[in-house]
**Student:** 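Before I ask anything, let me first share the structure, which is written out below as structure tokens.
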Amino acid sequence: MAHKNPWPDEGNTGHIWDEDLRELDNPPPLWWMLSFYAGFVSIIFYTLYYPSIPLADGHTKGLSGWTQVSEYHESVKELNNWRERKFAWQEEQMSALSVEEILKDDELRTYAVKTSKMLFGDYCAACHGASGQGNPNFPVLVDDDWLWGGKVSQIVTSITTGRIGYMPARGLMGNLTDSEISEVAGYVLALSKGKGEEPAVAAGKAVFAKGMCIACHGPKGKPFAPAGAANLTDKIWRFSADKDDIIRTITYGVNVKKNGVLIAHTRSGVMPSFKERLPNAEVNIKRLAVYVHELGGGL
Ligand code: HEC
Ligand code: HEC
């Protein structure tokens with residue numbers, strides 16, 4: 001900085017850099033000052049009008065009562081109202097018609113499937129997988145292998161009341177030995193490959209009769225009617241195709257309880273009842289049943 005100001009009459013502040021770079025003392029332009037004050041005013045306005053100052057137990061609410069969350073709820077409400085108006089006819093039909101009638105109507109069927117995806121994601125996907133492909137210990141819904149039946153009315157019952165599979169431990173009388181169980185497991189594996197009649201598994205086949213597996217799984221491993229028992233003649237496994245896993249299922253059964261408590265190693269298979277769980281259950285159960293039916297395997 002120079003010691004002597006070579007431009008004393010210029011109105012500079014006397015601050016000079018690099019020989020000739022001077023700081024002048026002019027007032028700011030009027031437009032600039034006005035916006036500066038307008039800024040102050042709007043700060044006060046905003047502070048009073050909107051939620052702004054954090055407090056120990058929350059924040060000032062503001063005169064407007066506005067919050068981002070309430071604005072979000074408003075727009076969701078608007079969207080829902082719009083949807084309700086646009087799809088009022090379809091929703092009325094969904095409520096008025098039976099699930100079989102909905103299934104037969106191309107437009108309503110498509111509508112039910114489209115409007116089920118979110119519901120399925122929220123209420124079913126955790127167990128059955130995002131698109132019904134199943135998870136370990138939770139059945140696949142996209143095939144035509146049904147424990148409880150693939151007619152749409154049976155699917156409605158599965159969802160409405162829930163389902164609990166039951167298979168006793170060690171055969172119907174509970175009297176099979178470990179070696180018999182190993183033999184019958186070999187027979188079950190052969191059944192799934194279409195080799196149930198081969199001499200190598202004849203002993204296992206005899207155990208299948210002795211253990212009265214037939215009562216639930218049918219004489220040839222295929223249940224007479226869907227009542228929860230797995231079809232043993234296909235390659236679709238409710239639990240697993242691993243021989244040790246099959247032995248476990250036969251040894252400890254499915255949902256076997258002693259004094260009201262599941263015994264160790266028994267398989268658990270409980271489909272919860274959704275009658276009370278789903279919002280607007282009457283319509284949404286029909287909707288989801290059509291969706292599951294259309295996933296691929298409905299009968
Ligand atoms: C807590 C886990 C769970 C949830 C959530 C769940 N399920 Fe299930 N679901 C099961 C189990 C386990 C079974 C098999 C029951 C058995 O072993 O007998 C099953 C069986 C079924 C069946 C019968 C399948 C057959 O082969 O006959 C249908 C249909 C079904 N679920 C649909 C649904 C729908 C639709 C939802 C959503 C509203 C849903 N499930 C939610 C666990 C669940
Ligand atoms: C009271 C009826 C009942 C009897 C008796 C019964 N089961 Fe089962 N079994 C079931 C049910 C129900 C399931 C399916 C459980 C589920 O999915 O929740 C099942 C499942 C199985 C599975 C699993 C299949 C898979 O796909 O993973 C095997 C293996 C099996 N049973 C073999 C046998 C054998 C062998 C016997 C005779 C020793 C037998 N069961 C006796 C009802 C029975």
Side-chain angles (χ1 to χ4, degrees), residues 67-165 225-228 230-231 236-238 268-299:
T67 68
Q68 225 165 8
V69 175
S70 66
E71 185 176 275
Y72 163 75
H73 286 310
E74 280 293 312
S75 10
V76 170
K77 212 163 109 193
E78 234 169 73
L79 184 70
N80 282 342
N81 287 344
W82 174 82
R83 261 194 209 137
E84 252 168 50
R85 267 178 277 123
K86 185 162 161 72
F87 298 112
W89 179 81
Q90 283 90 335
E91 286 297 324
E92 240 170 61
Q93 297 293 306
M94 294 283 294
S95 167
L97 298 182
S98 76
V99 69
E100 285 85 3
E101 289 168 321
I102 295 168
L103 197 61
K104 275 195 212 121
D105 183 305
D106 284 346
E107 188 185 340
L108 287 176
R109 185 179 61 236
T110 313
Y111 177 74
V113 168
K114 282 201 177 141
T115 50
S116 280
K117 287 190 182 141
M118 281 268 284
L119 267 183
F120 192 86
D122 287 350
Y123 290 93
C124 323
C127 294
H128 292 288
S131 42
Q133 78 278 20
N135 270 324
N137 289 329
F138 297 103
V140 178
L141 300 178
V142 293
D143 58 24
D144 56 0
D145 191 48
W146 297 95
L147 294 162
W148 300 96
K151 290 204 192 100
V152 73
S153 57
Q154 291 166 318
I155 299 175
V156 165
T157 309
S158 290
I159 305 172
T160 309
T161 58
R163 300 286 198 182
I164 300 180
N231 179 353
I236 300 169
W237 292 91
R238 168 70 176 84
S268 122
V270 178
M271 160 74 191
S273 153
F274 279 89
K275 201 170 36 196
E276 315 286 335
R277 277 167 218 243
L278 280 172
N280 191 9
E282 194 235 333
V283 172
N284 279 335
I285 287 177
K286 288 191 217 170
R287 198 192 305 274
L288 281 166
V290 170
Y291 177 70
V292 170
H293 187 270
E294 293 305 289
L295 276 177
L299 304 177

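Counting begins at 1 with the first residue of the sequence. What's counted below: heavy atoms across the whole structure, side chains too, no hydrogens, waters or symmetry copies.
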**Student:** Val156 and Ala289: which non-hydrogen atoms are nearest, and at how many Å?
**Tutor:**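 Looking at all heavy atoms of both residues, the closest pair is CG2-CB, 3.5 Å.
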**Student:** Please identify each residue that fulfils ring pair (Phe, Tyr, Trp, His ring centres under 6.0 Å) with Phe87, with sequence neighbours left out.
**Tutor:**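 With neighbours one apart ignored, the set is Tyr111.
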**Student:** For the pair Glu100 and Lys104, find out whether any cationic side-chain nitrogen is under 4.0 Å from an anionic carboxylate oxygen.
**Tutor:**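 No, Glu100 and Lys104 are not salt-bridged.
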**Student:** Of all residues at least two apart in sequence or in a different chain, which pass the side chain to side chain contact (heavy atoms under 4.5 Å, CB included) check with Asn137?
**Tutor:**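 Asn137 satisfies side chain to side chain contact (heavy atoms under 4.5 Å, CB included) with Phe239, Arg267 once adjacent residues are dropped.
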**Student:** Any heavy-atom pair between the side chains of Pro279 and Tyr123 that's under 4.5 Å?
**Tutor:**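 They are in contact (side-chain heavy atoms under 4.5 Å apart), so the answer is yes.
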**Student:** Out of curiosity, Leu108 CG to Gln93 CD, how far, rounded to the nearest 0.5 Å?
**Tutor:**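 Reported value, rounded in 0.5 Å steps: 6.0 Å.
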**Student:** Which heavy atom of His293 sits nearest a heavy atom of Gly150, and at what distance?
**Tutor:**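 The pair with the smallest heavy-atom distance is CD2-O, 3.4 Å.
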**Student:** Please round to the nearest 0.5 Å and tell me the distance separating atom OH of Tyr72 and atom NZ of Lys77.
**Tutor:**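 Those atoms lie 14.0 Å apart.
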**Student:** Please tell me if the side chains of Trp237 and Asp145 come closer than 4.5 Å, counting only heavy atoms from C-beta onward.
**Tutor:**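 Not in contact.
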**Student:** Show the nearest heavy-atom pair for residues Val152 and Val290, with the distance to one decimal.
**Tutor:**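 Scanning both residues, the minimum pair turns out to be CG2-N, 4.3 Å.
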**Student:** Keeping the roles fixed (side chain from Ser95, backbone from Val283), state whether a donor-acceptor pair exists under 3.5 Å.
**Tutor:**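 Side chain of Ser95 to backbone of Val283, a donor-acceptor pair under 3.5 Å: no, none is there.
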**Student:** Does Ala112 offer a backbone N or O that forms a donor-acceptor pair with the side chain of Lys286 under 3.5 Å?
**Tutor:**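 No, the answer is negative, given that no donor and acceptor are paired below the 3.5 Å cut-off.
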**Student:** Could you report the tightest heavy-atom contact between Ala125 and Ala130, atom names first, then the distance?
**Tutor:**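 Looking at all heavy atoms of both residues, the shortest contact is CB-CA, 3.8 Å.
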**Student:** Using 0.5 Å steps for rounding, measure from the CD atom of Glu92 to the CG atom of Leu97.
**Tutor:**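 Glu92 CD to Leu97 CG: 10.5 Å, rounded to 0.5 Å.
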**Student:** Quick one: pull up CD in Gln90 and OG1 in Thr115 and give me the separation to the nearest 0.5 Å.
**Tutor:**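 Answer rounded to 0.5 Å: 9.0 Å.
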**Student:** Not counting sequence neighbours, which residues clear ring pair (Phe, Tyr, Trp, His ring centres under 6.0 Å) with Phe120? List them please.
**Tutor:**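 Checked Phe120 against ring pair (Phe, Tyr, Trp, His ring centres under 6.0 Å); matches are Tyr291.
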**Student:** Within this structure, what is the OG1-CD distance for the pair Thr67 and Glu74, rounded to the nearest 0.5 Å?
**Tutor:**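 Rounded to the nearest 0.5 Å, the OG1-CD separation comes out at 10.0 Å.
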**Student:** Measuring from Asp106:CG to Leu103:CG, what's the distance to the nearest 0.5 Å?
**Tutor:**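 Rounded to the nearest 0.5 Å, the CG-CG separation comes to 10.0 Å.
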**Student:** Contact between Thr110 and Glu294 at the side-chain level, heavy atoms closer than 4.5 Å - yes or no?
**Tutor:**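 No; the side chains remain at least 4.5 Å from each other.
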**Student:** Strictly by side chain to side chain donor-acceptor pair (under 3.5 Å), give each pair with a member in residues 147-159 just once, sequence neighbours left out.
**Tutor:**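 Matches after skipping sequence neighbours: Ser158-Arg163.
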**Student:** Going by an N to O cut-off under 4.0 Å, is there a salt bridge joining Arg287 and Glu91?
**Tutor:**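 Yes, this pair counts.
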**Student:** Tell me every residue that passes side chain to side chain contact (heavy atoms under 4.5 Å, CB included) with Pro136, counting only those two or more places apart in sequence or in another chain.
**Tutor:**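 Pro136 satisfies side chain to side chain contact (heavy atoms under 4.5 Å, CB included) with no other residue.
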**Student:** Under the side chain to side chain contact (heavy atoms under 4.5 Å, CB included) test, which residues partner Lys275, sequence neighbours left out?
**Tutor:**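 So Lys275 forms a side chain to side chain contact (heavy atoms under 4.5 Å, CB included) with Thr160, Ser273.
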**Student:** Using a 4.5 Å cut-off on heavy atoms from C-beta on, say whether the side chain of Leu278 contacts that of Leu288.
**Tutor:**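 Yes. Closest side-chain heavy atoms under 4.5 Å.
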